[in-house]
Amino acid sequence: LQLVESGGGLVQRGGSLRLSCAGFGGTLDNFEIGWFRQVPGKVRESVACMMHSDGATYYAHSVKGRFTISRDNAKNTVYLQMNSLNDEDTADYYCAAGQLYWCMGTEEYDYWGQGTQVTVSS
C-alpha cells in the first residue's frame, strides 16, 4: 500500500484547507487511518484518526471542532478538512494506515505517506 498526501499549501490565519490521502495498491477501507503532523525539531503529533470497523473518528484536543477526518471509498481517499487555521497548525502533515486495535495516540501504523506542508500565515 502506498499513500500519497496532497492539498497542503500557504493559507491565511482563519482560513481552511483540505488535505487528501490517496491509497494505491490497497483499499484504505480495510485500514485504520491516522493523520499526524510534525514541526521540524519537535515530536510528531497525532491529529486525527478513523477506525475502519465502525468509522469512529477521534481528534487531538488542539484540533477538535476545527478538523474533520472523512473517507471516500469510491476514490480510495481519506481527507482532513481543516478550518479556522492558526499559527500552531503550521507543520508537515502525514497520513498513515494500519490494522490496529486503537488508532489514536499511537504510531504503530504500517504505511506512511511522504507528507504535505501546511503553512499558516498571519
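The first residue of the sequence shown is numbered 1, and numbering continues consecutively from there.
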Are Leu85 and Val63 in one and the same hydrophobic cluster, where Ile, Leu, Val, Met, Phe, Trp and Tyr link if side-chain heavy atoms are under 4.5 Å apart?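 Shared cluster, yes.
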Is there a chain of hydrophobic side chains (I, L, V, M, F, W, Y, each step under 4.5 Å between heavy atoms) that links Tyr111 to Ile69?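 Linked within one cluster.
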Between Gln114 and Glu5 (side chain of the first, backbone of the second, donor and acceptor by atom type, cut-off under 3.5 Å), is there such a pair?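 The answer is yes, because a donor-acceptor pair under 3.5 Å joins these two groups.
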Enter the distance from [X]:[atom1] to [Y]:[atom2] here, rounded to the nearest 0.5 Å.
X      : Y     : atom1 : atom2 : result
Leu80  : Thr68 : CG    : OG1   : 8.0 Å
Ser62  : Phe67 : OG    : CZ    : 7.5 Å
Arg13  : Thr90 : CZ    : OG1   : 9.5 Å
Met104 : Ser46 : CE    : OG    : 3.5 Å
Leu1   : Asn76 : CG    : CG    : 7.5 Å

Could you tell me whether Glu107 atom CD has more than 12 heavy atoms of other residues or ligands within 6.0 Å of it?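 Counting neighbours around CD of Glu107, more than 12 heavy atoms of other residues, nucleotides or ligands fall under 6.0 Å, so yes.
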Hydrophobic cluster mates of Val43, side-chain heavy atoms under 4.5 angstrom, ILVMFWY only, any path?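 Reading the cluster by chain and number, Val43 sits alone, since nothing else belongs.
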Ring geometry between Tyr109 and Phe36 (parallel below 30°, tilted from 30 to 60°, perpendicular above 60°):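 Perpendicular, since the angle between the ring planes exceeds 60°.
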I want to check something: taking the side chain as every heavy atom from C-beta on, are [X] and [Y] in contact at a cut-off of under 4.5 Å?
X     : Y     : answer
Val78 : Met50 : no
Ser20 : Lys75 : no
Tyr94 : Leu3  : no

Might you point out which heavy atoms bring [X] and [Y] nearest each other, and give the distance in Å?
X     : Y      : answer
Ala97 : Ile33  : CB-CD1, 3.6 Å
Leu10 : Ser121 : CD1-CB, 3.9 Å
Gly34 : Cys49  : CA-CB, 3.9 Å
Leu19 : Val118 : CD2-CG2, 4.0 Å
Arg71 : Asn73  : CD-OD1, 2.7 Å
Asp87 : Val120 : OD1-O, 3.9 Å

Kindly write out the residues that satisfy side-chain hydrogen bond (donor to acceptor under 3.5 Å, both in side chains) with Asp89, not counting sequence neighbours, or none if the list is empty.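 For Asp89, the residues satisfying side-chain hydrogen bond (donor to acceptor under 3.5 Å, both in side chains) (neighbours in sequence not counted) are Arg37, Arg66.
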List the residues meeting side-chain hydrogen bond (donor to acceptor under 3.5 Å, both in side chains) with Asn83, not counting sequence neighbours, and say none if there are none.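 For Asn83, the residues satisfying side-chain hydrogen bond (donor to acceptor under 3.5 Å, both in side chains) (neighbours in sequence not counted) are Ser16, Gln81.
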Give me each pair satisfying disulfide bond (SG atoms under 2.5 Å apart) with a member in residues 54-97, each pair once, sequence neighbours excluded.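 Passing the test, one end in residues 54-97: Cys21-Cys95.
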Identify every side-chain donor-acceptor pair in residues 22-32 under 3.5 Å, counting partners at least two apart or on other chains, and give the distances.
residue : atom : partner : partner atom : Å
Glu32   : OE1  : Leu100  : N            : 2.9
Glu32   : OE2  : His52   : N            : 3.0
Glu32   : OE2  : His52   : ND1          : 2.8

Under the ring pair (Phe, Tyr, Trp, His ring centres under 6.0 Å) test, which residues partner Tyr59, sequence neighbours left out?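 Tyr59 satisfies ring pair (Phe, Tyr, Trp, His ring centres under 6.0 Å) with no other residue.
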